[in-house]
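Convention: sequence-line order gives letters A, B, ...; per-chain numbering from 1.
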Amino acid sequence: MKHFLGFYKQYSNKIYNYFFYRVNFNDEVAEDLTSEVFLKAYKHFDSFDQSQSFQAWIFSIAHNHLANYYRDSKIHFSLDQLSEAGIHFPDKTYKKIITQSEFSHILKNLDKLPEKYKDMILLRYIDELSYEEIAEVTGETQNNARVIVHRGLQHLRKIINKQDD
Amino acid sequence: MTNTSQIRKTLRKLPKARLRHSVRIKFYFQILLKELRFRPRFIVYPATLLVLVFLGVSVYAYYAVSVTDGDMLFGLKTKIEHIKLAKADSGYEKSLAYLSIADRRLKEAEYLAKSSSRFSFVHTAYAAPENTETPLSRTVWAMSVYTKKAINEAITVIEARKSEELLATISERQEEQLAVLTEIKATGVEKNNSEVIDSVILITEHRQEEIITTRKRVGEEQKKGIKNVQFQLKKLQKRMDDIVPDSEAVRPTQQDVLPAPNIKNNTPPAPTPDNIQEPQSDDHSIPVSPSPQKSNDINNKSDTRNDINNESDTRSDINNESDTRSEENTPEDINSPLPENGQNIPKTTNKPVP
């Protein structure tokens, strides 16, 4: 248990952040999902191979859990959906995002990308996973993950430049 | 034009959300519950049993009248009482809390008096010839100490209605205390106990008179339309200090060797407000008597009390008086000999005019 709680202390913020950017910055939902993921991980902690990365393992659980959540809730989540609707969230991170135009601008454009690119870019730059870990989480090969992220960025650049023009 | 590296930079700069502490604590608790559920029974059950036994013992110690001074669980009882006292934050609540403890001590004293005839051999062995303390005497004295503390707290209550209400309650309780103590004395107690009971009866009678007088005066002032009763309460406090000092004497442990009373001279010292120490631990013992040279001060003080009874005195007089008293405080008086029957009460012949 002590070992597991050590991992929880280390990665709980990362998993929370992962959900936070994927459930429209809804802190309550993100908190619930984080706890559920760690409880699931605790339940199957015996099956975790200690020689492998815990981060990759916990992110794959979170990834699957989020897919289940999307499926069950039948809601389409987008990064800027709620900010446009004017719903207020008390979270400080969300306030930072909406008050700084460059953040809200990039997130709005990121939302326009196909789901596959968006997810890979978020994993790489917001969740700060290595390509190896991204490959493990998404089930893609490392090279494939690298290519997808690269293409996603190119795509995003085009959208932003087009908008600026 | 934006390039890819700029986009990367902005993406990396995006703020990171952090999990709240309350969510973390909730999660730890969930894990703990899960852990306990999967723990083998031979670990969980004894631990739960121990906790339950401790809780049971605590409840028993707190509520049982039979847990008295000298009992193994008495320390636990007083600890719980102290926790309750610490929880009371206003003077009104504190006064009620002290009064509640005084009630407990009274009931315990009643119990001890009843059981002393059955277990008298224990008490005889317990009280060595030079040691005049018994659980009964300590309990009776502790009751008196807590009643005094209740009065002190009641005096600090600024709201006149509440203060008056508290004084009325204290007055009722003191009547009850007097009745019970007289009854205990009538049943025939050991000499040591009898002396302390006599002292406490005298002290309580004096206090009762003072409280009744103050209540009358407060009532009269309120009829006249004077809402501020603090002046009268301050006077009461001063008179209380003259009867028995603000910090009544208690000896920390029964093992401490006290000097024997000065019987040869047959001139027992009179107590003063300054030569008595503050109750220190859970153990309440009989008062330590004051030094002889202080007796003169007492007589002087009783004169001053006359002045206080006189309505013409001023607030500044009282302040001056209390200043003088603080100067008289001498720590060596704490170890003075024990008082004889009733000698711990100042010889204040000038009783207040009812």
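Here OG1 of B:Thr10 is found 7.5 Å from CD1 of A:Ile160. Values are rounded to the nearest 0.5 Å. With rounding to the nearest 0.5 angstrom, the CZ atom of A:Phe38 is 9.0 Å from the CZ atom of B:Arg24. We find the NZ-CD1 distance between B:Lys9 and A:Ile106 to be 12.5 Å, quoted to the nearest 0.5 Å. From B:Ile7, atom CD1 reaches atom CD of A:Gln154 across 8.5 Å, with rounding to the nearest 0.5 Å. Interatomic distance, CD1 of B:Ile31 versus OG of A:Ser35, reported as 9.5 Å (0.5 Å rounding). To the nearest 0.5 Å, atoms OG (B:Ser22) and CD (A:Glu31) are separated by 6.5 Å.
Ring geometry, A:Tyr8 versus B:Tyr28: the interplanar angle exceeds 60°, so the pair is classed perpendicular (tilted spans 30 to 60°).
Within a 6.0 Å sphere centred on CD of A:Gln142, other residues, nucleotides and ligands contribute more than 12 heavy atoms. Around NE2 of A:His65, the count of heavy atoms belonging to other residues, nucleotides or ligands within 6.0 Å exceeds 12. Within a 6.0 Å sphere centred on NZ of A:Lys112, other residues, nucleotides and ligands contribute more than 12 heavy atoms. Within 6.0 Å of the CD atom in A:Glu128, the count of heavy atoms belonging to other residues, nucleotides or ligands exceeds 12.
Formation of a donor-acceptor pair under 3.5 Å by the A:Asn17 side chain with backbone atoms of B:Lys16 is not found in this model.
A:Arg146 meets the salt bridge (Lys or Arg N to Asp or Glu O under 4.0 Å) test with no other residue; sequence neighbours excluded. Among residues two or more places apart in sequence or in another chain, the side chain to side chain donor-acceptor pair (under 3.5 Å) test is passed with A:Ser130 by A:Glu133.
Shortest non-hydrogen contact noted between B:Leu11 and A:Ile126 is O-CG1, 4.0 Å. Taking all atoms of both residues into account, the shortest heavy-atom contact from B:Gln30 to A:Leu39 is OE1-CD1, 3.8 Å.
At a 4.5 Å heavy-atom cutoff, the contact between A:Lys9 and chain B is made by backbone and side-chain atoms alike. Contacts of B:Lys13 with chain A are made by both backbone and side-chain atoms, with heavy-atom separations under 4.5 Å.
Residues A:Tyr21 and B:Leu14 are in side-chain contact: their nearest non-hydrogen atoms beyond the backbone lie under 4.5 Å apart.
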| task | Take A:Tyr16 and B:Arg18 through the test side chain to side chain donor-acceptor pair (under 3.5 Å) and record every step on the way to the result. | result | CA-CA 7 Å; A:Tyr16 173 65; B:Arg18 291 183 71 82; over 6 Å; no
